[in-house]
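Data block below; observations after.
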Amino acid sequence: MTEEQFWKLIEESRRGATTDVDAQGEQLLTVLSKLNDDDLIEYDRRLTELQFKAYSWDLWLAAMLLNAR
């Protein structure tokens, strides 16, 4: 699964959920339930890759600054 395909699935889960994170999570489960096993494994691999990529001091600092308000 390419990164573009991954983000298309995320975008699909956002439709109709507006800003409700819980609703988007439920919608994402619906979107992912339509994938076959191989695609679901590839989704998980891409998610893990992006999580490791995002795990940086810069992101932690930004989160700390946003939460300090």
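For the numbers below, each heavy atom of this structure counts, side chains included, while hydrogens, waters and symmetry mates do not. Bear in mind the structure is a predicted one, so any value in this text is a computation, not a measurement.
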Using a 6.0 Å cut-off, check whether atom [atom1] of [X] has over 12 heavy atoms from anything other than its own residue.
X	atom1	value
R14	CZ	no
D37	CG	no
E4	CD	no

Pairwise distance [atom1]([X]) to [atom2]([Y]) - rounded to 0.5 angstrom:
X	Y	atom1	atom2	answer
Q27	R15	CD	CZ	9.0 Å
T2	E42	OG1	CD	10.5 Å
T48	Y43	OG1	OH	10.0 Å
E12	K8	CD	NZ	10.5 Å
L32	D44	CG	CG	10.0 Å
F6	D39	CZ	CG	13.5 Å

Close side-chain approach of L50 to E3, heavy-atom, < 4.5 Å: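 Sidechains of E3 and L50: in contact.
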Side-chain touch Q5/L9, heavy atoms, less than 4.5 angstrom: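 Result no, sub-4.5 Å side-chain heavy-atom pair not found.
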In terms of hydrophobic clusters joined by side-chain contacts under 4.5 Å, are L47 and L40 together?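 Both belong to a single hydrophobic cluster.
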S13 versus Q24, closest heavy-atom pair with distance: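 Heavy atoms of S13 and Q24 come nearest at OG-NE2, 3.2 Å.
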Do you know the tightest heavy-atom contact between L59 and A54?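 It is CD2-O, 2.9 Å.
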